[in-house]
Undergrad: 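Right, I'll just put the structure down here and ask away after.
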Amino acid sequence: MAYDPSAIESKWQEFWQEHETFRAEIDASKPKYYVLDMFPYPSGDGLHVGHPEGYTATDIMARYKRMRGFNVLHPMGWDAFGLPAEQYAIKTGTHPRITTGNNIANFKRQIQSLGFSYDWSREIDTTDPNYVKWTQWIFRKLHEHGLAYEAEVAVNWCPELGTVLANEEVIDGKSEVGGHPVVRMPMKQWMLKITAYADRLIEDLDELDWPEPIKKMQRDWIGRSEGANVRFGVDSSSSRGEDVEIEVFTTRPDTLFGATYMVLAPEHELVASITTDDQRAAVEEYVERSARRSERDRMADAGSKTGVWTGATASNPTHGESIPVWIADYVLAGYGTGAIMAVPGHDERDWEFAKTFDLPIVEVVAGGDVTEAAHTGPGTATNSGFLDGLETPAAKSKMIEWLESEGLGQGTVTYKLRDWLFSRQRYWGEPFPVVHHEDGRVELIPESELPLTLPELEDFKPSGEGYEPPLARVKEWIETTDAEGRAVLRDANTMPQWAGSCWYFLRFLDPMNDEAPWSEEAEKYWMPVDLYVGGAEHAVLHLLYSRFWHKVFYDLGLVSTKEPFQKLVNQGMILGESFRFYDDNPNDDASTSPTRFPSDAVKETAEGPVLKEDGRAVKARWLQLKDVTLDEDRNAVHPEDASLPLERVVEKMSKSRGNVINPDDVIREHGADSMRLYEMFIGPLEKSAPWSTEGIQGIYRFLQRAYRLFHEGEDEEERFVAPADGAGTDDQRRLTAETVSGVTEDLENMRFNTAISKLMIFARDITKDGAVPRESAETFVLLLAPMAPHLAEELWSLLGHGESLAYEAWPVADESLLVADTVSLVVQHNGKKRGEIEVAADADDAAIEAAALAVENVQKSLGGRDPKKVIVVPGRLVNIVG
RNA sequence: GCCGGGGUGGCGGAACUGGUAGACGCAGUGGCCUUAGGAGCCACCGUCCUCGUGACGUGCAGGUUCGAGUCCUGUCCCCGGUACCA
């Protein structure tokens with residue numbers, strides 16, 4: 001019971017801080033290693049056990065690489081702008097700066113209590129004016145290079161709350177807070193031209209050491225598709241003699257002969273002008289209905305197609321036949337040209353639409369049966385005039401050639417990716433460093449006036465007048481003058497939270513720089529980030545936005561690498577465990593005594609859980625492991641009713657489930673080293689796994705055992721015992737070498753769980769034949785150091801070293817000890833194990849074969865037959881076939 | 001639906017390129033130590049039986065192979081993402 005993590009851990013945390021052990025400086029004589037965590041938003045709830053999982057992994061790598069002679073940059077900071085602090089301000093009047101400051105202090109305390117080796121001198125906070133200054137400086141650069149522009153874009157305006165809401169604050173077309181109606185309103189907004197980088201954002205993924213699924217998600221999000229734009233002339237009878245053309249985008253120009261009708265998005269600008277008088281009422285009703293329908297509604301009946309004929313027809317340019325022009329909400333206004341040519345024979349959606357409205361279906365690609373289903377795959381062109389007989393790829397290019405020569409269209413590339421909506425109607429964000437002139441001109445404010453800071457507010461409630469951001473109310477801030485003394489207005493929008501997180505990894509290189517966002521020297525030395533660890537929820541947006549900015553910086557000569565993050569690892573989620581049952585008191589009525597039901601008596605419905613038996617509404621209840629009773633079969637049952645089985649559920653930690661684990665509690669009880677080790681031990685980093693309150697016991701026992709390798713006696717009698725001099729017995733030397741080799745390989749591959757199990761085996765077996773020899777003891781302490789740094793430092797100092805082990809050289813295994821003189825081989829007959837033999841490591845196949853055939857069981861199994869074949873797998877086994 | 005990940009003991013998980021399935025840990029069982037043990041140490045711990053250097057066993061059904069958790073075909077289930085992208 002002598003191992004006392006709390007004393008050891010605070011001692012070493014103070015030591016590291018006092019000695020600035022982890023301060024990183026540029027040192028050209030050493031290779032660098034930049035290991036980065038996705039910095040957190042410091043929420044009011046504090047750290048949960050999920051955060052430290054990634055942080056522990058990066059810390060182990062940072063400490064390991066230091067011992068391997070790398071100059072390691074390992075910083076931490078705060079992504080501190082964000083909605084929760086502003087919402088809290090609206091509710092309580094507390095300035096977001098105060099809330100943010102408190103939350104940062106709490107996060108920092110918690111993170112530091114885990115003993116991570118961050119260089120705290122580089123701590124940054126995206127809300128700090130010295131940081132905001134450079135975020136605004138970057139916006140100036142983007143604007144100067146034509147990558148920032150203003151456009152009218154719809155926002156979620158909630159008249160009741162008098163504020164603009166983020167998509168995530170809108171649920172089912174109503175505000176998350178209060179359930180008030182939300183309408184889409186156009187508003188002038190800042191946009192960033194990320195689409196200009198679409199191709200490079202796809203291409204450069206190839207060079208990155210990222211998980212394939214993440215790369216794929218990015219490629220799909222950008223959604224490059226090659227095809228053609230084709231112009232269809234609207235028949236003059238329906239366009240009142242005017243020359244009206246509808247341009248469509250298609251990825252299958254080869255199917256143009258099979259276009260039997262066209263569809264416009266209800267929002268398409270030509271809808272009103274081409275609609276004929278007798279169809280006008282129906283079209284207008286449909287347009288209005290689509291506009292009213294929420295995203296959710298549209299999604300709900302994605303299977304069934306709706307639409308209305310506009311009364312107009314257009315001419316299919318290939319054969320000149322008239323085809324009807326419809327409107328339907330399965331065509332999206334925002335993708336391609338907002339209009340399609342419908343080829344029902346070869347597109348599933350068009351096929352369904354044609355079936356619904358009895359439109360003609362023509363086969364133009366052989367290989368399917370278009371009367372049964374759309375044939376969407378490739379095939380030979382048919383019924384297609386000059387394309388007949390061509391395979392799909394050839395038909396595509398021939399059609400594009402024809403369209404271009406006839407002036408009817410051209411080959412083109414379309415992306416799903418849209419430009420990035422970069423303004424928010426919020427207070428707690430970076431103000432835009434621009435002024436608006438009366439004549440509508442926009443001017444950047446001079447660099448010397450940065451940072452442009454937020455005005456102080458007394459009241460953070462939205463103005464409620466018009467759909468204006470809170471800053472619009474602050475007349476004395478909004479109304480200002482330019483250098484020539486003309487009256488101008490500041491921009492009332494602020495930047496999104498992404499702005500700060502798009503470039504923070506560059507500021508870490510040189511956080512105190514007043515002259516530039518970062519110095520060329522620091523950038524050249526430290527970039528790119530060698531290892532970036534964070535949650536998969538940022539797979540697309542954060543990583544895509546930062547890559548975009550980084551490419552802009554690259555083009556401007558501000559950085560030397562095309563990509564910011566060389567290797568990316570997504571950590572899994574730490575899940576919570578709880579035990580579920582139901583009761584028939586869905587309204588939490590305290591006066592009734594509810595009946596409890598097991599999970600298998602309940603089914604989920606759209607309205608919530610109900611009893612299978614009679615459909616009564618019930619409500620789920622959760623119990624924690626410590627509160628449940630285990631019956632004799634070790635099944636969890638309700639503590640007050642042993643006949644009620646409980647369902648074990650493992651899911652995301654959340655307050656409502658009561659399954660949240662607070663790191664402070666874990667550290668108090670078992671120490672930071674146990675917490676670190678446990679998070680690494682429960683499974684591979686990339687995988688999600690449940691936190692188990694018992695499981696950490698095993699880790700704690702292991703650390704105690706490690707401590708006891710160096711101590712004897714109990715309580716007051718306890719004292720340090722120096723290890724025996726020398727290298728110990730052959731077995732001890734071999735075990736030590738094997739541990740070094742195994743742990744090293746595991747750490748290189750970030751397989752922390754198996755590295756820990758190897759250390760456990762060492763601690764269990766090293767004293768099997770005598771006291772721990774000094775060489776093994778020191779090696780073990782060094783191997784333990786990246787993962788359990790506090791205990792390792794303590795033991796290292798007890799072993800008589802005056803300095804921190806943070807920069808000690810990583811142990812090297814004595815290779816000669818890793819090769820055994822004899823090996824034990826499994827002997828199989830027809831693939832079934834029949835015995836084992838011990839042979840010299842360098843025995844030849846003939847000798848091995850003879851030894852294997854001599855095994856009594858093998859002979860018995862062979863039953864006198866001669867073996868047909870003998871397979872010898874060196875170092876593994878012998879398989880006798882016959 | 002589509003895309004991605006995954007199904008191995010009571011539980012978390014090991015098993016590198018096909019080569020002894022279940023390392024390590026939790027929980028459990030037995031023993032030792034002890035005034036006591038919620039400490040520590042040792043042993044056992046997939047299923048079945050005829051208790052053996054026995055049979056079966058990695059979601060399910062097939063296949064390839066001397067040999068399959070690992071490769072192939074089909075199929076079921078779970079988790080995550082996404083939502084008619086022409």
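The structure presented is a predicted model; accordingly, all values stated were derived computationally and were not measured. In what follows, chains are A, B, ... by sequence order, proteins preceding strands, each numbered from 1.
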Undergrad: Hey, what are the protein-to-nucleotides 42-46 of chain B N/O distances that come in under 3.5 Å?
TA:
{"unit_1": "B:C42", "atom_1": "OP2", "unit_2": "A:Arg705", "atom_2": "NH2", "d": "3.4"}

Undergrad: Hey, does the side chain of A:Lys758 come within less than 4.0 Å of B:C24's phosphate (OP1/OP2), counting only N and O?
TA: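 Indeed not, no polar side-chain atom of A:Lys758 lies that close.
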Undergrad: Taking the C1' atom of each, how far is B:G12 from B:G7, in whole Å?
TA: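 Straight-line distance between the two C1' atoms is 15 Å.
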Undergrad: Going by modelled atom types, is there a donor-acceptor pair between the base of B:C84 and the side chain of A:Lys305 at under 3.5 Å?
TA: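 Indeed, a donor on one side and an acceptor on the other fall under 3.5 Å apart.
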Undergrad: Write out all pairs satisfying salt bridge (charged side-chain N to carboxylate O under 4.0 Å, His left out) with one or both partners inside residues 687-701 of chain A, taking only residues at least two apart or from two chains.
TA: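 Applying salt bridge (charged side-chain N to carboxylate O under 4.0 Å, His left out) to every pair that reaches into residues 687-701 of chain A, excluding sequence neighbours, yields nothing.
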Undergrad: If anything within 90° of 0 is syn and all else is anti, what is B:G67?
TA: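 Anti.
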Undergrad: Can you list the residues that meet the ring-ring contact (aromatic ring centres under 6.0 Å, His included) rule with A:Phe762, with sequence neighbours excluded?
TA: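 Testing A:Phe762 for ring-ring contact (aromatic ring centres under 6.0 Å, His included), a comparison that skips the adjacent residues, returns A:Phe780.
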Undergrad: By nearest nucleotide on RNA chain B, pick out whichever of A:Ser824 and A:Val881 is the more 5' one.
TA: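 Upstream on the strand: A:Ser824.
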Undergrad: Classify A:Ser692 by what it touches in the nucleic acid, base, sugar-phosphate, or nothing, heavy-atom distance under 4.0 Å.
TA: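 Touches nothing.
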Undergrad: So, OP1 or OP2 of B:G19: does either fall under 4.0 Å of a side-chain N or O from A:Asn879?
TA: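 Answer no for this pair, as no side-chain N or O of A:Asn879 is under 4.0 Å from OP1 or OP2.
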Undergrad: If you look at every strand shown and take non-hydrogen atoms under 4.0 Å, does A:Lys833 touch a base, only sugar-phosphate, or nothing?
TA: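 Base contact.
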Undergrad: Suppose you measure atom C1' in B:C76 against the same atom in B:A61; what distance do you get, rounded to whole Å?
TA: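 Straight-line distance between the two C1' atoms is 10 Å.
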Undergrad: What contact category does A:Gln697 fall into here, base, sugar-phosphate, or nothing, at under 4.0 angstrom with non-hydrogen atoms?
TA: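 No contact at all - A:Gln697 keeps every heavy atom at 4.0 Å or more from the nucleic acid.
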Undergrad: Under a 3.5 Å limit for both distances, which nucleotide forms a Watson-Crick or G-U wobble pair with B:C26, could you say?
TA: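 B:C26 is paired with B:G10.
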Undergrad: Salt-bridged, A:Glu738 to A:Lys758, with N to O below 4.0 Å?
TA: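 No, no charged N to carboxylate O under 4.0 Å.
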Undergrad: State whether A:Ser225 places a side-chain N or O below 4.0 Å from either non-bridging phosphate oxygen (OP1 or OP2) of B:A86.
TA: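 It does, given that an N or O in the side chain of A:Ser225 lies less than 4.0 Å from OP1 or OP2 of B:A86.
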Undergrad: Using a heavy-atom cut-off of 4.0 Å across all strands, would you classify A:Ser688 as base, sugar-phosphate, or nothing?
TA: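 Sugar-phosphate contact only - A:Ser688 comes under 4.0 Å of backbone atoms but never of a base.
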Undergrad: Short question: side chain of A:Lys305, backbone of A:Lys355 - any donor-acceptor pair under 3.5 Å?
TA: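 No.
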Undergrad: Rounded to whole angstrom, note down the C1' distance from B:U70 over to B:A21.
TA: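 Comparing C1' positions in B:U70 and B:A21 gives a spacing of 11 Å.
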Undergrad: By side-chain contact (heavy atoms from CB on, under 4.5 Å), which residues pair with A:Ile400, not counting sequence neighbours?
TA: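 For A:Ile400, the residues satisfying side-chain contact (heavy atoms from CB on, under 4.5 Å) (neighbours in sequence not counted) are A:Ala228, A:Pro253, A:Glu404.
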Undergrad: With both distances under 3.5 Å as the test, what is the Watson-Crick or G-U wobble partner of B:G80?
TA: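 B:C3 - that is the nucleotide pairing with B:G80, both distances being under 3.5 Å.
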Undergrad: May I ask which nucleotide in the shown strands pairs with B:G46, Watson-Crick or G-U wobble, both distances under 3.5 Å?
TA: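 Here B:G46 is engaged in a pair, and the nucleotide opposite it is B:C56.
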Undergrad: Go through B:A23, B:C26, B:U20 for me and flag the one nearest to the A:Leu877 side chain.
TA: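 The listed nucleotide nearest to A:Leu877's side chain is B:U20.
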Undergrad: Considering only atom C1', compute the distance from B:C33 to B:U58 and round it to an integer number of Å.
TA: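 B:C33 and B:U58 have their C1' atoms separated by 40 Å.
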Undergrad: Tell me, please, which residues at least two apart from A:Phe257 pass ring-ring contact (aromatic ring centres under 6.0 Å, His included).
TA: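 For A:Phe257, the residues satisfying ring-ring contact (aromatic ring centres under 6.0 Å, His included) (neighbours in sequence not counted) are A:Phe386.
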Undergrad: Not counting sequence neighbours, which residues clear ring-ring contact (aromatic ring centres under 6.0 Å, His included) with A:Phe232? List them please.
TA: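 Expected list: none.
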